[in-house]
Amino acid sequence: MSKPARYNIDDCCVIDLSKHTRANGNLTVVENNLSAPFDTKRIYYLYDVPAGEERGGHAHKLLQQFVIAVSGSFDVIIDDGNQRRTITLNRPFKGLHIRPGIWRELNNFSSGAVCLVLASEHYDEDDYIREYDRFIEYTKEDVR
Ligand code: TYD
C-alpha cells in the first residue's frame, strides 16, 4: 500500500462556500469535489459542547476532513509537529480543510455552536493517533 502524502498546516485552508442571501434567510451549499475538497463518505456533527470543554485531541493517518461552524463559533488548533496554528471558525459559509497527518484540537465553543464535519472515509479507529507523543513519532518515522 502506498504511503500517505506528507502535509503541513499551510496545506490546511479555509475555503469560502457559496452564500445565497435572501430576505427570508441564507443558504450555503457544499458539493463533493466542488466546494468540498474531496468525496464525502461520512458526516457527523458536534453540538451541546459544554462551556470550557475540548474535542479532538488526535490526528488521522489518512482521513481528510472539512469542518464548518454551521452555528456559533469555536477554535480549531492544527499542528503538523513543527508548527501550530489556531483558526477560529465562526461563519457557516467557511470550511476548514484538514489534511491527513495533522493533529487537531477544538476548543472555545460558543453556546449553541454546531461543528459539522465532512469526512473522506468511513469511521475507522485504526486511522486515529490519539497520543500527542505518538503523533510526533509518526511525523518523524514516516518518510512518505
Ligand atoms: P472522536 O472522533 O474521538 O470525537 P472528537 O474528535 O469530536 O472528540 O469520537 C468520539 C466517539 O465517537 C468515539 O468513541 C468514537 C465515536 N465515533 C463513531 O462511532 N463514529 C464516528 O464517525 C465518529 C467521528 C466518532
Side-chain angles (χ1 to χ4, degrees), residues 1-20 25-144:
M1 199 172 113
S2 62
K3 290 183 171 181
R6 169 166 232 136
Y7 294 104
N8 62 50
I9 59 171
D10 293 327
D11 300 312
C12 299
C13 298
V14 174
I15 296 171
D16 286 327
L17 300 166
S18 62
K19 183 182 176 192
H20 302 270
N26 301 332
L27 182 152
T28 288
V29 185
V30 188
E31 287 186 85
N32 279 342
N33 283 315
L34 290 174
S35 40
F38 49 77
D39 267 332
T40 301
K41 284 194 182 157
R42 176 167 55 108
I43 294 172
Y44 65 93
Y45 35 98
L46 298 168
Y47 53 98
D48 291 347
V49 178
E53 287 292 344
E54 302 196 348
R55 302 291 311 212
H58 56 73
H60 287 282
K61 298 173 196 164
L62 293 173
L63 187 73
Q64 300 185 67
Q65 292 173 307
F66 191 52
V67 181
I68 304 166
V70 291
S71 184
S73 65
F74 50 85
D75 291 341
V76 186
I77 298 155
I78 51 174
D79 181 332
D80 57 23
N82 289 312
Q83 293 186 85
R84 177 169 268 244
R85 182 173 299 152
T86 299
I87 295 167
T88 299
L89 293 178
N90 56 10
R91 295 282 183 271
F93 48 88
K94 287 180 182 286
L96 173 64
H97 181 200
I98 305 182
R99 302 279 192 166
I102 302 289
W103 182 268
R104 89 290 314 275
E105 296 165 12
L106 286 77
N107 62 25
N108 204 19
F109 284 84
S110 69
S111 173
V114 179
C115 169
L116 177 68
V117 182
L118 280 59
S120 63
E121 306 296 334
H122 295 294
Y123 175 73
D124 176 8
E125 186 59 37
D126 290 342
D127 189 62
Y128 282 75
I129 303 170
R130 290 192 180 274
E131 291 83 36
Y132 189 74
D133 291 351
R134 172 75 195 99
F135 167 68
I136 294 299
E137 278 172 28
Y138 177 80
T139 62
K140 289 177 183 159
E141 82 193 17
D142 194 358
V143 178
R144 291 184 274 190

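As a basis for the values below, the full set of heavy atoms in this structure was taken, side chains included, without hydrogen atoms, waters or symmetry mates. Counting starts at 1 for both ligands and their atoms, in listed order. Since the structure is predicted, the reported quantities are computational estimates derived from the model, not experimental observations.
- Counting non-hydrogen atoms of neighbouring residues, nucleotides and ligands closer than 6.0 angstrom, the OH atom of Tyr47 reaches no more than 12 such neighbours.
- Taking a 6.0 Å sphere around OH of Tyr45, one finds it holds 12 or fewer heavy atoms contributed by other residues, nucleotides or ligands.
- The N/O atoms of His58, backbone and side chain alike, include one that comes under 3.5 Å of an N/O atom in ligand 1.
- Considering both main-chain and side-chain atoms, Arg42 comes within under 3.5 Å of ligand 1 through a nitrogen or oxygen pair.
- Distances from atom 23 (C) of ligand 1 to the protein include at least one heavy-atom value under 4.0 Å.
- When hydrogens are left out, the protein atom nearest atom 25 (C) of ligand 1 is Tyr123 CE1, 3.8 Å; that is the closest non-hydrogen contact.
- Ring-plane geometry between Phe38 and His97 is classed as tilted, the angle between the planes lying from 30 to 60 degrees on a 0 to 90 degree scale.
- Atoms of ligand 1 lying under 4.0 Å from any heavy atom of Leu46, numbered from 1 in the order shown and given with element: 7 (O).
- Closer than 4.0 Å to atom 12 (O) of ligand 1 lies none of the heavy atoms of the protein.
- The shortest separation from a heavy atom of Arg130 to ligand 1 is under 4.0 Å, placing the residue in contact.
- An N or O contact shorter than 3.5 Å is missing between Glu125 and ligand 1 by distance.
- Using a 4.0 Å cut-off between charged nitrogen and carboxylate oxygen, Asp126 and Lys61 do not count as a salt-bridge pair.
- The protein heavy atom nearest to atom 10 (C) of ligand 1 is Arg55 NH2, 3.9 Å.
- Within the 3.5 Å criterion, the main-chain N or O of Glu54 finds no donor-acceptor partner in the side chain of Asn107.
- For the atom pair CD1 (Ile15) and CG (Leu34), the distance works out to 11.5 Å, reported to the nearest 0.5 Å.
- Between Tyr132 and Phe135, the ring planes are tilted. Angles from 30° to 60° get that label.
- Here the heavy atom of the protein found nearest to atom 9 (O) of ligand 1 is Tyr128 OH, 4.2 Å.
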